[in-house]
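Treat the numbers as computed from the prediction; the structure is a model and nothing was measured. Just the heavy atoms: all of them, side chains too, but no hydrogens, waters or symmetry mates, feed the values below. Below, chain A is the first sequence line, B the second, and so on; all start at residue 1.
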2 protein chains.
Amino acid sequence: MTGSQDDTLLERSRRSGLRITGQRRVILEVLEGATDHPDVEELHRKVSAIEPGVNIATVYRTMNTLAEHGLIERHTFEDGRTRFEPAPTDHHDHFIDVDTGEVIEFVSDEIERLQEDIARKHGFEIVSHKLELYVRRIKD
Amino acid sequence: MTGSQDDTLLERSRRSGLRITGQRRVILEVLEGATDHPDVEELHRKVSAIEPGVNIATVYRTMNTLAEHGLIERHTFEDGRTRFEPAPTDHHDHFIDVDTGEVIEFVSDEIERLQEDIARKHGFEIVSHKLELYVRRIKD
DNA sequence: TTCTTTGCAAACAGTTTGCATCGTC
DNA sequence: GACGATGCAAACTGTTTGCAAAGAA
C-alpha cells in the first residue's frame, strides 16, 4: 500500500542495467536519503563517512551515468556548482534560501499554466523550464 | 526625447567612479552592442577583433567590477557558463531556444505576482528570482 | 569470461590572483 | 603623484579522461 520497496534508486538502477557495485550501493543510499540537493563534494563526503576510499571521480562518473539513465536530475543554481536530486516523478520548482543555502521544493499549477500561455504567445512550445526563487525567511 | 546619450554603459561606468581605460572602452562598447547574453570568451573574442592584445583576465576583472557596481547582470544557464547582459532597468525572464541556443527576454506581471503569493504562503520574501523557459519554435 | 566500473593521476576548462608596470584622474 | 587597471604567468576549483587492475553478471 505504501511506496513499494522496488522503487528505490537501487532497484531502478538495476532495472536500467547498471552494475551494482559496493560504491554505487552507498552512493545511491546517500542520494536517496538526501532531502536537499547535494553537489558532488557533499555526496562524496557523506559516502566517505559510510565507506572510506571511494574516489571522487567515481562519484562524478556515477552521477553522470545516473543522469544519462534519467534516474537523477541535474541542477545548476546561481552558485555555479552542479547539484543533483533523485529524479522526481512530479515536476516542481525551487526556493533557495539565500541565508542558509537551503533548497525547498514547491509546485504551482497556476504558474505552470501561465508559462504555457506566454510561450504560446511568443510562438514557442515549452521543452522544460526552471523557476528559482531566491528568498529570505520572513521573521516574525 | 529618445534615450539620452549619457545613459550608455560608458557614462554610467564613469559616474560609478570607474576609470575609463582603452580596454574598458572597447569592452563596454561590445557589451552594449550585444543582443545576446555573451560569456567571457565571446566578449574576449569580439573585443580582440576590435583591439587585439586585451588580456582575458582583464575581461574577467572588468565583468566582476561592472557586476559589483550593478552595471551588468550575471546569469548562469544550464550550460554552466557564466553569461552577462547590460543591467536591465526592467526585470525580465528568459526563453532559451533549445535548438539554436538563442536567448529571448520576456516579462509577465502575472507570473511575478504569483511568485510573490507563493513565497509569502511559504513564509518567505523574494530576494530575486530566475525563470527560464527552455523552448522550441512551433512550426506552422 | 566478458564487459563494466574503479582508483589514481594527469589533463582540462573556466576563473581568480600576485606582482611589477602602466595609465587615468 | 596616487591609486586603480593591466598583462602575464601561476594557482585554483570543478570536472573529465586514459589506463591498468578489480569485480559484477
Do A:Thr100 and A:Asp97 come close enough that some side-chain heavy atom pair is under 4.5 Å? yes
State the CG-CZ distance between B:Leu43 and B:Arg83, to the nearest 0.5 angstrom. 10.0 Å
Look at all strands and tell whether B:Thr65 reaches a base, only sugar-phosphate, or nothing, counting heavy atoms closer than 4.0 Å. nothing
Under a plain distance cut-off of 3.5 Å, with no hydrogens placed, do B:Glu85 and B:His75 share a side-chain donor-acceptor pair? yes
Rounded at 0.5 Å granularity, tell me how far CD1 in A:Ile20 sits from CG in A:Leu28. 6.0 Å
Using heavy atoms to find the nearest nucleotide of DNA chain C for A:Arg19 and A:Gln23 separately, return the residue whose nucleotide is more 5′. A:Arg19
Look up atom OG1 in B:Thr62 and atom CD1 in B:Ile27, then write down how far apart they are to the nearest 0.5 Å. 3.5 Å
Any base atoms under 4.0 Å from B:Asp39, or only sugar-phosphate, or nothing? Heavy atoms, all strands. nothing
Compare the minimum distances between each of C:dG14, C:dT17, C:dC25 and the side chain of B:Arg61, then state the nucleotide with the smallest one. C:dT17
Geometric class of the B:Phe77/B:His94 ring pair [parallel <30°, tilted 30-60°, perpendicular >60°]: perpendicular
Mind calculating the distance between CZ (B:Arg14) and P (C:dG23) to the nearest angstrom? 18 Å
Any residue of residues 42-60 of chain B with a heavy atom less than 4.0 Å from an atom of DNA chain D: B:Gly53, B:Val54, B:Asn55, B:Thr58
Rounding to an integer number of Å, can you tell me how far B:Arg74 CZ sits from C:dT15 P? 9 Å
Side-chain N or O of A:Thr21 less than 4.0 angstrom from OP1 or OP2 on C:dT6? yes
